[in-house]
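Here the structure is laid out as structure tokens; the discussion comes afterwards.
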Amino acid sequence: MFEYTLKKKDPKSMARRGSLQTPHGEIQTPVFMPVGTQATVKSMDPHELKEIGSQIILSNTYHLYLRPGHELIKKAGGLHKFMNWDRPILTDSGGFQVFSLQDNRKITEEGVMFQSHIDGSKHMFTPELVMEIQNALGSDIIMAFDECAPWPSEHDYVKKSLERTTRWAKRCKEAHKKTEKQALFGIVQGGGYEDLRRQSAKELVELDFPGYSIGGLSVGEPKNIMYDMLEITTPLLPENKPRYLMGVGSMDALVEGVMRGVDMFDCVLPTRTARTGTFLTMKGKINIMNAQYAEDLSPVDEQCTCYTCQNYSRAYLRHLFKAKEILGARLATWHNIHALHDLMGKIRESIEQDRFLEFRKEFFDNNRDYSAYN
RNA sequence: GGAGGGGUUCCCGAGUGGCCAAAGGGGGCAGACUGUAAAUCUGUUGUCGACGACUUCGGUGGUUCGAAUCCACCUCCCUCCA
């Protein structure tokens with residue numbers, strides 16, 4: 001039911017072109033996955049996401065468990081049916097909330113005691129519960145429960161944390177046995193330490209997961225550290241399994257991630273920044289609220305084929321944001337997700353044509369916001 | 001005609017002798033956002049030759065070491081009475 005096919009390797013870099021078979025269809029990789037934490041990609045409805053070109057979306061164990069509750073979603077026929085999305089879904093385990101809700105939780109060997117950010121109630125998240133929740137949700141790809149350690153953290157702490165994450169991964173695997181329809185990914189941790197990244201990767205590969213996530217990155221560390229960590233991690237992962245870099249989605253990092261052998265990415269960046277008026281383009285970011293666009297009747301991006309750029313001007317979009325109209329957030333989200341899917345499509349094409357590095361060079365030459373990391 | 005209330009920096013609105021270039025909000029300008037506690041948050045918003053100086057609180061004049069704040073007159077606005 002779940003299978004990764006490596007279709008082509010870039011001869012000059014670690015970039016790979018592949019596909020991923022899931023119970024809800026095939027995914028072409030490298031792929032960008034929009035985030036729909038609360039069973040919705042904020043402001044977009046599923047048929048719009050399909051039109052934009054989303055192959056798979058993310059959702060979240062912690063949030064859906066707290067509200068509306070995984071039992072209800074199970075009763076509704078699973079997350080796909082509940083939210084009316086029939087393509088693949090990947091759910092995060094709540095490991096990121098261990099990081100983002102640091103002030104509301106306590107970590108023990110058993111698991112993480114969360115105090116709900118909604119009503120203050122306490123909930124013990126164990127690897128077993130996290131598997132049970134994701135099983136109830138019925139997502140196609142599920143994540144092992146991990147700790148996304150903050151940046152910066154002491155070597156000693158990161159080591160203890162990653163070793164615990166490995167033990168949790170083992171428990172997840174045990175608990176997951178009866179639900180083979182879902183692909184369980186282990187998550188490599190290790191902070192910004194090369195030796196710990198190697199250790200984590202090695203331990204998880206021994207557990208033999210159908211796919212591997214790389215976590216604990218893009219949590220505030222310098223980009224060169226993230227890239228260094230990727231370079232030493234991906235070669236340690238099995239070639240015939242997908243690699244997923246969690247939480248990464250700026251255009252430059254997508255290009256650099258692919259170059260270092262990553263197949264899957266997710267990020268809230270395109271959707272979140274969209275809601276605050278930032279449009280992502282191949283040439284650089286545009287903050288549509290800037291005064292310079294007040295009377296600019298041209299589209300956000302002349303080259304872009306998305307619905308927003310085909311039909312609306314910068315002046316109109318700016319007006320929507322100034323007036324705080326919801327349509328502004330929707331049209332910007334539409335554009336940004338489209339922009340990242342479009343970028344990934346170009347990346348896939350360039351790998352197929354053996355010119356990924358040329359594409360990369362063009363990208364950095366033309367994007368005023370980013371420069372290549374070498 | 002009579003009685004009362006009021007005119008504050010782009011707007012609304014605090015302030016009633018020094019700690020006031022003047023609270024707070026709005027608006028404006030700009031920045032941030034990376035497995036979503038985010039349709040959010042932050043900075044800035046009189047001028048300049050700018051760690052200091054200058055011009056501002058309806059207008060004019062006055063009191064005072066010192067006035068957005070006190071006094072006089074003028075002017076405009078609002079409410080009530082006739």
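What's counted below: heavy atoms across the whole structure, side chains too, no hydrogens, waters or symmetry copies. Order of the sequence lines sets the chain letters (A, B, ...), proteins ahead of strands, with each chain counted from 1. Everything numeric here is computed off the predicted structure, so don't read it as measured data.
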Both A:Val41 and A:Ile326 contact RNA chain B. Which one's nearest nucleotide lies toward the 5' end? A:Val41
Identify, between A:Thr273 and A:Ala329, the residue whose nearest nucleotide on RNA chain B lies closer to the 5' end. A:Thr273
Taking any heavy-atom pair under 4.0 Å as a contact, classify [X]: base, sugar-phosphate, or nothing.
X	value
A:Glu325	nothing
A:Ile118	nothing
A:Lys223	base
A:Ser213	nothing
A:Lys42	base
A:Glu221	nothing
A:Ser43	nothing
A:Gly220	nothing
A:Asn60	sugar-phosphate
A:Arg105	nothing
A:Asn104	base
A:Ala291	sugar-phosphate
A:Leu101	base

Between A:Lys8 and A:Glu352, does any side-chain N to carboxylate O distance fall below 4.0 Å? no
Of all residues at least two apart in sequence or in a different chain, which pass the side-chain contact (heavy atoms from CB on, under 4.5 Å) check with A:Asp119? A:Ser116, A:Ser121
For the residue pair A:His341 and A:Phe32, does the interplanar ring angle fall in the parallel (under 30°), tilted (30 to 60°) or perpendicular (over 60°) class? tilted
Pairwise [atom1] distance, [M] and [N] [rounded to whole Å]:
N	M	atom1	result
B:C11	B:G46	C1'	16 Å
B:G18	B:U79	C1'	36 Å
B:C48	B:U34	P	37 Å

Between A:Arg368 and A:Lys283 (side chain of the first, backbone of the second, donor and acceptor by atom type, cut-off under 3.5 Å), is there such a pair? yes
Check whether the side chain of A:Thr276 and the base of B:C41 form a donor-acceptor pair under 3.5 Å. no
Does OP1 or OP2 of B:U36 have a side-chain N or O of A:Thr37 closer than 4.0 Å? yes
Return the value, rounded to whole Å, for the distance between atom CG of A:Asn336 and atom C1' of B:A39. 14 Å
Are side-chain N/O atoms of A:His117 and A:Tyr62 paired as donor and acceptor at under 3.5 Å? yes
